[in-house]
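Input: a single structure, listed below in structure tokens.
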2 protein chains.
Amino acid sequence: MQRNTIQRKAIQQVFDDCEHPLSPKEVLHKAQITVPNLGLATVYRTLNGFIDEGILTSVDVPGEAQRYERAGKHHHHHFNCRLCGRMFEMEGCPDDLAALVPKGFHMEDHELYIYGHCKQCAGA
Amino acid sequence: MQRNTIQRKAIQQVFDDCEHPLSPKEVLHKAQITVPNLGLATVYRTLNGFIDEGILTSVDVPGEAQRYERAGKHHHHHFNCRLCGRMFEMEGCPDDLAALVPKGFHMEDHELYIYGHCKQCAGA
DNA sequence: TTTTTAATGACAATGCGTTATCATTAGTGC
DNA sequence: GCACTAATGATAACGCATTGTCATTAAAAA
């Protein structure tokens, strides 16, 4: 039987309040605001549970640890700010990807990462 | 003083003979054909040396270990085969990337990964 | 409220990529 | 060929993210 613990609710809330992908440690720190003695193991257990339930999906970032975000969002890609390290979402995706795929190859998925400066950092 | 050892030459040769990015282990196995008792530590040392000399660049793959390829190549992206795990190069890149970047954001770089089945795996 | 047992928290343990150590080997200049 | 010393190979050690262990806690059912 699935129990609705305060830890589980707190972690759920973190993702409801946040639009961008979070690392397990970010989740831990944000959830610890409401559940101070939350443990990292619980975060991992809960994240994996949410993945299995289809509530979350994982985001693989090149050269970084796994991040997580709410599942079922519209197809999107990520913008990584080199100055503040935050990750933002971008709507849509390039429409001429198929043209890049070599003949005979079969494309299933794609991931696109854009790096640069976010609005706040670029505008300073 | 820099010494031109057979290990170094073998590793150099591996990259000269290979068009796609290689993981340290792949480098080890390929170089061991010519230098059978080559050690993994030497591969890492040599890879880092080549990076410093500008002979190689590293390729960050989401969720995988670092790979390496010859530096100074034409701009390209990578295709990752989900069946055999090999990585291939694709010429060119999407030309409407700037349209995705949110207003006020500044784009510096981008990385694109396409996942699927390579020619051999898809054709079987 | 009491019982049951899933979930938690603290921390040990694992896995994997990478780096450090150090005695030994082998380029390089003489 | 010889001396010098950078590079090697074997392996231990490290860093880090992630998972396992287990006594304890607290949801949920009775």
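For the numbers below, each heavy atom of this structure counts, side chains included, while hydrogens, waters and symmetry mates do not. In what follows, every chain begins at residue 1, and chains take the letters A, B, ... in the order their sequences are listed.
Residues passing the side-chain contact (heavy atoms from CB on, under 4.5 Å) test with A:Cys93 are A:His75, A:His77, A:His110, sequence neighbours excluded. Listed by chain and number, the residues in a side-chain contact (heavy atoms from CB on, under 4.5 Å) with B:Asp95 are A:Asp96 (sequence neighbours excluded).
With salt bridges taken as basic N to acidic carboxylate O contacts below 4.0 Å, none links B:Asp17 and B:Lys30.
The ring of B:Tyr68 has its center no closer than 6.0 angstrom to the ring center of B:Phe50.
Annotation: the span from B:Glu53 atom CD to B:Ile55 atom CD1 amounts to 4.5 Å, rounded to 0.5 Å.
Inter-axis angle, ends of the helix from C:dT1-D:dA30 to C:dC30-D:dG1, five pairs per end, rounded to 10 degrees: 40°.
Residue pairs meeting the side chain to side chain donor-acceptor pair (under 3.5 Å) criterion with at least one partner in residues 32-43 of chain B, sequence neighbours excluded, are B:Thr42-B:Arg45.
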Treat primed atoms plus P, OP1 and OP2 as sugar-phosphate and everything else as base, then score nucleotides 18-30 of chain D 5' to 3': B for base contact with protein heavy atoms under 4.0 Å, S for sugar-phosphate contact only, - for none. BBBB----BBS--
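Atom P of nucleotide D:dA17 and atom CG of A:Leu28 are separated by 12 Å, given to the nearest angstrom.
Bracketed by its first and final contacts, the part of DNA chain C lying under 4.0 Å from non-hydrogen atoms of chain B reaches from C:dG17 to C:dT28 in 5' to 3' order.
Nucleotides of DNA chain C nearest to B:Lys25 and A:Thr46 differ in position, and the one nearer the 5' end is that of A:Thr46.
Listed for the A:Arg70 side chain is a donor-acceptor partner under 3.5 Å among the backbone atoms of A:Phe15. Put simply, the side chain of B:Lys119 never gets that close to the backbone of A:Pro102: no donor and acceptor are under 3.5 Å apart.
A 4.5 Å side-chain heavy-atom check between B:Glu89 and B:His78 finds at least one atom pair inside the cut-off. Using a 4.5 Å heavy-atom threshold, the side chains of B:Glu26 and B:Leu28 count as separate.
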